[in-house]
Amino acid sequence: MTFLNFNTTRILLTAALALPLAAHADWAQTEKDARGQTVYFNAWGGSEATNAYIAWAAKEVQSRYGVTLKHVKVTDTANVVKRVQTELAAGRTQGGSIDLMWVNGENFRNLKNGGLLLGPWAESLPSWGLVDLNKPVRSDFSVPTDGMEAPWGTAQLTFIANQAVTPTPPRSAAELLTFAKANPGRVTYPKPPDFHGTTFVKQLLLELTPTPAALQQPVTPAAFASATPALWSYLDALHPHLWRQGKSFAPNAAAMHRMLADGELKLSLTFNPNEAANLIKSHQLPALAYSFGFSHGTIGNVHFLAIPVNANAQAGAQVVANFLLSAPAQAHKADIDVWGDGTVLDVRKLSAEVQALLRKQAPGALTEAVPTLPEPHASWVEALEAEWLKRYGAR
Amino acid sequence: MLRIDHLSLRRGDQALLHDLSLSVAAGEVVAVTGVSGSGKSTLLNWMIGDLPSAFDASGELWLDQQRCDGLPVEARGIGILFQDDLLFAHLSVGQNLAFALPAAVRGAQRRMAVEQTLADMGLAGFHDRDPATLSGGQRARVSLMRTLLARPRALLLDEPFSKLDAVLRVQFRAFVFEQIEQLQLPTLLVTHDATDVPPGARVLNISDWQVGDA
Amino acid sequence: MAQAIRRALTGSPRGTAPAALLAVSLVTLIFAPLLPGLYWALMPSMQTPVWQALWRDPQWPQALQATLVSAVLGPALACAAAAAFATVSYPGAAWQAMQRRLPLLLAMPHAAFAVGIFFLIAPSGWLARAIGQFLAWTDPPDWATVQDPHALALALALAIKESWFLLWTLSAVLGEQAVARQMVMARSLGYSRVQTWQRVLWPQVLPRMGWPLAAVFAYGLSVVDMAMILGPSTPPTLAVLAWQWLTDPDERLQAQGGAASLVLLGLFLLGALLARGGWHVWQTRRAYPDGVRASATPRHWRWELPLLAVGYAVLAVLLLWSVAQTWFFPALWPTGVSLTHWLQADWVPFWTTLWLAAAASLMCLPVVLVWLEWGPQRWNAVLYLPLIVPAMPLVAAQYAALLRAQIDATPMALVWSHLLWVLPYMVLTLVGAYRAFDGRLLTTARALGCSRLRACWQVKWRILLRPILAAWAVGFAVSVAQYLPTLFAGGGRFATVTTEAVALSAGGNRSVLAVQALLQIALPLAAFGLAALWPRWASRQRLGLR
């Protein structure tokens, strides 16, 4: 008996010690497999700061790991989901055209429910150890990630205005309605299903609904019918005062920034609290532009990276994801002069200089602390978009 | 009477004609001969009012005591006949002729006048024929009658016989000069073939008005 | 059997039959996959529930209306503008001046032109700023001048761009016949210029303009890139809607997209029939010539200036935006000028477009030459079909065929998809000069002992160098301007300057957009420049070639 115990213990101990070694050996194998691969990274290309950062990451990944990263600029991630669906439906279970995708929310949910994602892989990345688990990095719009997507950064809905024209901005849905009435034709939002527009609608819903708790649960027709009437009556009241009387909407947030710069609009919105600073620096917003949030908070979320199950360069994709999650990449991303996207890493585990970098300020960025409201459950997104299109999608 | 006063034609720096003066009486045919490229056709272009923009002209054109050189083509009242018959392909023979009839002839009379003209030409019954189905000689005759039906006060002929074969040439020439005589039109004929000139007509060589080694 | 085929193909001596077969098979390679592709792409739409769903879709009525407005009004205005200009100024100095400028304007691709128009007439565009200088505006006016719900901005842009094309084809038609002489003849009979055009020239010229007019109408129905930049968005035109549905993986929406493509095709056929019928009625009802002469009204206005001015204004505003550092409304001129946008420009789409257009046009050139030399010329009408059929169903057919063969998103597939439009344009450009070539030169060469191929290579094609290069430049320009084939066949992997310009036009940075639009213009201009200069250099000691 003792002999067995001793041996069992020894075996177990060796196994326990070998596990990290095995994992390390696995990762070394992955890195080796990745060398020479080309990774097609389908990511939203609507922000120059983001595109420039991804270009930097491509250079780094090439020199460090010999992986070629190609950024496929996407306007709507839903199209990428559709492409993966089409490929798998056509029987292409290997050698798919998408290796890595930037995704969250309802897109992730559709991918996960359709069995279209590789996984789990996220938590076996070496960089996972630095991730701040207090942030919602394991659940995406209340849907568990199950390790099928790796967190990349944080986002918060932020509004932008011009100090010279709008010294006191609206800070709630009610104030926004008053503001729109006082400034007819100078306020609008991107047309859903653009994700900025959808998030704006969700933001209003969170403020106006009588039952905020129901939004964290999967949507049902009854819940939808009881939660949303206040939203639709608000929008019905708001639209006649909007730009083009609400008969036509801005195509996306970037167009709204342009219209804000020219004075055609008085408000714009973004997911990146530091975007205004980037735009002022690149002369696309006037110097007096500033960011602000609503007094009761705005929606914030975490965005992720996922790998389709039929990806061609799976090893390469994981290596790229690991690099993007690593401390130097996250620091560079959070640098307000580069992109300014919030980090998902635990700040306390990072070096002092990186912490200083994260605290850097720039004119135009969001300076006040705006509370973060949680995203509704992913299933609400499609229901809201469908209803919005039905009511306002055609004139 | 058709009169040209002190016409000078230039093309850029190059002078084509210098101080050409000419007058043609009613019913008279004046022939202008010269080698190819000497400016005969350009002279006719100026007279009809269609001088290409590459040319400059100075001089006066008088028709029956009315100055014409400043008027547009349609206001001059000068008829022209080219080498090609230029019948309008989308109209029938009769419609081609009716096109030229003045508006004073109205209604059913127009068709009657056209039929009469065709009969006089020996082409009775050709009213609704497609011009492309006519022979070369027939087309030439229709073209001349079309020009004359518009009641021009002068006539310009730009080598009108050169595309016809020998037999047709003689016939058509006689026909043309007979009409000119009948209508007493001052006529300027441009040709490089001496046999085209009717007996008794003045023959002028364009080199008389050309400068230098033209 | 072989004899029969040979005779059917050429009806001429034995030696040319294999060459004819080669010509036919090359063209078949480009066209044949379309037939099964059309079946795969459009068969799912042939069911009643699909059409019912289309009918009930809330976006359908307004999309249809926007399409009809832009596709009928645009080409109609283009016709009117071209006709008015020709009536007033042919064949005078103004006409000549316009002819000289037209090739430059025609080289401008549609997407870049649409971007320039956007920069000019948007509420914060240059024209609004110019007006704002006088009216002291601080904010842009609340006018829907672009992306308006009735697609009027799109119609205007189409009208201007297509008027240049119609003027160019008109000049080709006018040059063929002895039109100038007919004009003098009719005017000497006492009719004014306008009457001459109405009664003499248009009845003869318009039937010969049938193909160009059909092409303009088909383009207006099926244009996607200009519609995305200038057209409405809620909802978009039917062509854009069809494209969105066709690329959706939901099969019901795909079938709906196929149905919408068939609607576009149906609209084209309906329009063509109505035009044909109207023309026939007008011709048969033509009154007996009444001889009424209008008074001559001499007009010396330089009508070509507005048409040309728009083209120059578009170029100028694009150049200004590409070097502008800061340029907010209501400033009339950029407040900061820098070359950063050029230095930091993304040149990848430029190089992609360059190799793609070069490959497509160079691959097409031998096919065109072989076809014109040995191919059965009776079938030219089939070659011209892609020009007059709305592009959407054809692109969908190509995509379906490529998907089945599993070669979509490869460079080869992309080049192949462009050939369908490059080939007809090249044939169209070259066929006139090719037919006008004096065949006796070739006979002489062959009598001296050359084979036909050698005679062509050493004699015919060298003498025809200028038209051949012009056709190549046209093919190059056509490939640069392609939008839908690049998106479909390329699977979104290949970014050309055209796709970049359209994608950037929805965004915020106008300077980057201006740079890409200018790059898009530069490519065909370079090709046309090369096509003009090379023959001049090659014939520096052979004036007979000019």
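Values in this document were obtained by computation on a predicted structure and should not be read as measured data.
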Under the 3.5 angstrom rule, does the side chain of [X] hit a backbone N or O of [Y] as a donor-acceptor pair?
X: B:Asp130; Y: B:Thr133; answer: no
X: B:Lys40; Y: B:Thr33; answer: no
X: B:Glu28; Y: B:Ala25; answer: yes

### Summary
With chain B, the option among C:Met185, C:Arg293, C:Gln96 that has the most non-hydrogen atom pairs under 4.5 Å is C:Arg293

Tell me, out of [options], who's got the most heavy-atom pairs with chain C below 4.5 Å.
options: B:Arg151, B:His90, B:Arg76; result: B:His90
options: B:Gly94, B:Ala100, B:Ala150; result: B:Ala100
options: B:Arg146, B:Gln95, B:Arg111, B:Arg110; result: B:Arg110

### Query
Does any heavy atom of chain C fall under 4.5 Å from the side chain of B:Ile48, the backbone, both, or neither of them?
side chain

### Message
Is B:Leu156 in contact with chain C via its backbone, its side chain, both, or neither, using a 4.5 Å heavy-atom distance?
### Response
neither

### Query
Under 6.0 Å from the six-membered ring centre of C:Tyr191 and within 45° of its axis: does the NZ or CZ of C:Arg187 meet both?
no

### Message
Pairing donors with acceptors under 3.5 angstrom, does anything connect the side chains of B:His192 and B:Glu159?
### Response
yes

